[in-house]
Amino acid sequence: MGVKITGLGMHLPDKMLDNKYFESILDTSDQWITERTGIKIRYFSSKDEAASDLAYPACLEAIEKAKISKDDIELIIVTTVTPDYFFPTTACILQDKLGLKPTAAFDLLAGCTGFIYGAEIARNFIETRRYRTILVVSVEELSKILDINDRNTAVLFGDGAAAAIFQFVEDEKGILSSYISADGSKHQNLIMPAGGSKNPTSVDTVKEKLHYIKMDGKAVFRDAVSLMIKATKEALERADLKKEDIDLFIPHQANIRIIEAIAKYFEIDKEKVYITVDKYANISAATIPIALYDAQKNGKIKKGMKVLLTAFGAGFTFGAMVIEI
Ligand code: UT7
């Protein structure tokens, strides 16, 4: 008896940008980006493509893979920092696009840890028997809140969507453990300063570019490493597992050096750490489910394997989850 991901879907926008593109518009180089971040490629959505447009095909694929009817879905959780609008929620827009019967639907903002937060909520609703089938969608269009002229952030992020169907299953375990947490004391280190009630959009906030991502990269780097290590330890302990019991580690994909630091700490073999940062960059909440989808598609995950997901993001939020495939 357990809670399992029974279907995954993924969708990327068409526009692919390599590091050469940024060389042509910024004082940067393919060499710097590759060596300092591991990123080679990212995808950017078009002007008229909203988060719900990216999410929709991912949802259809997840529903098909799970072999369920759309009407089986009882709750939609969309995890994003780049919704279509502040309100109504992207979850409600997706419910309409998918033609679902009335269901509970809400957006959840937990930065790059969004999918793990969403999965934890889905797990608890299913374990308490409130719902049997939940759609968790992680979608980001970070290109829409990037200052393309700021080399400190412009090269780091991308757009994309992934959807997962979580279901009650009789004869399998699925999620073995989960852990979510936050430390709000350094929330200023990764922030979109304007557009909310603190700094409502005005001519001045636009002039000062406060509606873009602002990040203290060095400070974020340090906490990303230590908090993902903490989350990983917690998830292993809660599952009563050792690092050796894990078949594949999927950490948040913000920077290859962050991933390497975590792998070094736990002394994990390279082959056991899944990397997508080179081909998709950092897609915030969508990063983890896209990597999970990618690993499954590339045959790196097989039935019965234990996979550990760990993430860190704006807030700071952090969390981890062990799942048996
Ligand atoms: O999703 C969770 C949130 N995000 C993260 O986890 C990201 C965490 N931080 C990082 O990944 C890294 O700190 C960055 C990739 C953002 C920056 O790497 P770094 O090695 O920490 O570089 P730095 O900020 O210390 O900058 C070193 C130099 C600076 O030049 P000076 O001041 O030494 O002359 C920067 O101006 O590199 C310069 N620099 C660049 N040079 C070429 C910064 N960005 C670029 C660039 N191209 N794109």
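Just so you know, ligand 1 is whichever comes first in the structure, and atom 1 is the first atom listed for that ligand.
The shortest contact between atom 34 (O) of ligand 1 and any protein heavy atom is with Arg151 NH2, 4.9 Å. Considering only non-hydrogen protein atoms, atom 1 (O) of ligand 1 sits nearest to Asn282 ND2, 2.7 Å. Taking atom 22 (O) of ligand 1 as the reference point, the nearest protein heavy-atom neighbour is Trp32 CZ2, 4.0 Å. If you check which protein heavy atom lies closest to atom 4 (N) of ligand 1, you get Met215 SD, 3.6 Å. Residue, atom and distance of the protein heavy atom nearest to atom 5 (C) of ligand 1 are Val220 CG1, 3.6 Å.
Salt bridge annotation for Arg42-Asp159: absent, with no cationic side-chain nitrogen under 4.0 angstrom from a carboxylate oxygen. The residues Glu237 and Lys233 are annotated as not salt-bridged, no charged nitrogen and carboxylate oxygen being separated by less than 4.0 angstrom. Ion pair Glu208/Lys214 not flagged as a salt bridge, since none of the NZ, NE, NH1 or NH2 atoms sits closer than 4.0 Å to an Asp/Glu carboxylate oxygen. Electrostatic pairing of Lys306 and Asp245 does not count as a salt bridge here, judged by no charged N lying under 4.0 Å from a carboxylate O.
When all heavy atoms of Ile288 and Ile250 are compared, the closest pair comes out as CD1-O, 3.4 Å.
Using a 4.0 Å cut-off between heavy atoms, Thr28 contacts ligand 1 through both its backbone and its side chain. With a heavy-atom cut-off of 4.0 Å, Thr153 does not touch ligand 1 at all. Residue Phe221 touches ligand 1 through backbone and side chain together, judged by heavy-atom distances below 4.0 Å.
For ligand 1, the polar-atom distance check against His252 finds a nitrogen or oxygen pair separated by under 3.5 Å. At least one N/O-N/O distance between Lys218 and ligand 1 falls below 3.5 Å.
Close contacts between ligand 1 and Arg36 involve ligand atoms 20 (O) [criterion: under 4.0 Å to a heavy atom]. Ligand-side atoms of ligand 1 in range of Ala254: 1 (O), 5 (C), 6 (O), range being under 4.0 angstrom from any heavy atom. Those atoms of ligand 1 that come under 4.0 Å of a heavy atom in Val155, given as number and element, are 48 (N). Close approach of ligand 1 to Arg257 is summarised as follows: ligand atoms under 4.0 Å from at least one heavy atom of the residue are 18 (O), 19 (P), 20 (O).
Within 6.0 Å of CD on Glu244 lie more than 12 heavy atoms contributed by other residues, nucleotides or ligands. No more than 12 heavy-atom neighbours from other residues, nucleotides or ligands sit within 6.0 angstrom of CG on Asp14. The number of heavy-atom neighbours closer than 6.0 Å to CG of Asp204, taken from other residues, nucleotides and ligands shown, is above 12. Counting heavy atoms of neighbouring residues, nucleotides and ligands inside a 6.0 Å radius, atom NZ of Lys173 does not exceed 12 of them.
Under a 4.0 angstrom heavy-atom cut-off, Leu156 registers as being in contact with ligand 1.
Of the protein's heavy atoms, at least one falls inside 4.0 Å of atom 13 (O) of ligand 1. Less than 4.0 angstrom separates atom 19 (P) of ligand 1 from at least one non-hydrogen atom of the protein. Put simply, atom 42 (C) of ligand 1 has protein non-hydrogen atoms near it, under 4.0 Å away. In this structure, atom 25 (O) of ligand 1 has a protein heavy-atom contact shorter than 4.0 Å.
Closest heavy-atom approach to atom 15 (C) of ligand 1 among the candidates Ile258, Leu190, Asn255, Asp30: Asn255. Taking only non-hydrogen atoms, the option from Ala281, Gly217, Ala311, Gly313 nearest to atom 8 (C) of ligand 1 is Gly217.
Identified under the salt bridge (Lys or Arg N to Asp or Glu O under 4.0 Å) test for residues 254-275, with sequence neighbours left out: Lys243-Glu267. Sorted by first and then second residue, the salt bridge (Lys or Arg N to Asp or Glu O under 4.0 Å) pairs with a member in residues 281-294 read Lys279-Asp294; sequence neighbours excluded.
Between Ile93 and Tyr85, some side-chain heavy-atom pair lies under the 4.5 Å cut-off.
Distance check: Lys40 NZ to Lys20 NZ gives 8.0 Å after rounding to the nearest 0.5 Å.
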